[in-house]
Protein chains: 2
Amino acid sequence: MRMAKVSDLEILNGLMSVFRAKGYDGASLNELAEATGLKKASLYHRFPGGKKEMTAAVLDFMESWVINKVYNVLSDAKIAPTERLREALANINAVYNEGREVCLYRSLSMDTGMALFGEKIEKGINQWLESFSILGKAVGKDKDTATQMAKQSFIEVQGSLVLSKAMGSTEPFQNAIQQIENRYKT
Amino acid sequence: MRMAKVSDLEILNGLMSVFRAKGYDGASLNELAEATGLKKASLYHRFPGGKKEMTAAVLDFMESWVINKVYNVLSDAKIAPTERLREALANINAVYNEGREVCLYRSLSMDTGMALFGEKIEKGINQWLESFSILGKAVGKDKDTATQMAKQSFIEVQGSLVLSKAMGSTEPFQNAIQQIENRYKT
DNA sequence: GTCTATAGCTAGATAGAC
DNA sequence: GTCTATCTAGCTATAGAC
């Protein structure tokens, strides 16, 4: 019996969850295959470049997520800045499963992942910073202040994810989300 | 010709630097041996329990660093709180090489490292939080405020290290250190 | 206590059937 | 497009000489 084609989205979600939890070196082809519902050889059919190509695909997937769910939301001049932020934070809260899941950029910004994909990671983070910087200017901050506020928001998301993970509690992350929302109140 | 015994401190520093950069799964015995100046078999002589025992030793080493360089400093009632903080932050700045090096707890709180050493990591972080909480109370904050300030300081150190690493700049980390110092000013 | 040499296994990657 | 079977390299770990 012929197997049905596994969708690109299923595959990317599977790969993403393993790379987030294990990082580049820690993610084995066996785990990646299991998480996608494919066998190893089938994964290589989809990604002839092997683990490197899978990682690149996941980073591209993440970048499109940032553009759609953060950048486009925070720069949407048709809605009030406060509303934009609420929506973007809801998206961020969802993608990190309320603080239970780790950030892909953090997992890949060490070991071999950093050596191979440092540029892609930096680009994704800059997109994130730029999004919050636009929001800052939309609430009347000058350029430098907006940049600093964007960095601070990124730091609080990342740092609180580290703390939440280590403590096994979503409280630090939830708290950070609230704090970010308050910072942009007009 | 007989080889001189390699000191425990040399070994721990070598192991530490590899585990920080590569995480648990990413750290290979060949790299660990090279970083310590020993051959693989000699490392096994020192750590019969293999990589797991090496990791545990590095985490214990880090815990003693936290106790000596953060906890004991921040809780030293013989000096003014402002001075304690300045000294602890100088130690923190040094151990992270001004923001160029990653935190051991972050590197090990993913992949197999988290599964094996989650408890040790949590314990070390709690020691860190407790240290800053004591400082908060020393500058007159109530217990809850002191706890929140400690968490915020930890978050800013960790988050700014993620950002500094990804951007290849020490600026976010230096900025975070300054911000923490300001927060405790009386 | 350190070394060379190697065992045993699992990793990433490939060949070829269906 | 997916699969089973397999290759080779690198991994963790051990044996035994000095």
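- Using cut-offs of 30° and 60° for the angle between ring planes, the F19(A) and Y24(A) rings count as parallel.
- OP1 or OP2 of dA13(D) sits under 4.0 Å from a side-chain N or O of Y44(B).
- Listed nucleotides dC3(D), dT12(D), dA11(C) differ in distance to S28(B); the shortest reach to its side chain belongs to dT12(D).
- At the heavy-atom level, A27(A) lies under 4.0 Å from the strands shown only through sugar-phosphate atoms.
- Taking the six-membered ring for Trp and thresholds of 30 and 60 degrees, W128(B) and Y96(B) have ring planes inclined between 30 and 60 degrees apart.
- Contact annotation: N30(B) does not reach the phosphate of dG10(D) (side-chain N/O to OP1 or OP2, under 4.0 Å).
- Taking every side-chain heavy atom of H45(A) into account, dG1(D) is the closest of dG1(D), dC3(C), dC3(D).
- The number of heavy atoms from other shown groups lying within 6.0 Å of OH (Y71(A)) does not exceed 12.
- Within the 4.0 angstrom heavy-atom criterion, only backbone atoms of the sugar-phosphate kind lie near K51(B); the bases stay farther away.
- Between dG1(C) and K5(B), a contact under 4.0 Å exists linking OP1 or OP2 to a side-chain N or O.
- Cluster membership check: I92(B) shares its hydrophobic cluster with L104(B), using side-chain heavy-atom separations under 4.5 Å among Ile, Leu, Val, Met, Phe, Trp and Tyr.
- Proximity of S42(B) to the phosphate of dC3(C): a side-chain N or O atom is located under 4.0 Å from OP1 or OP2.
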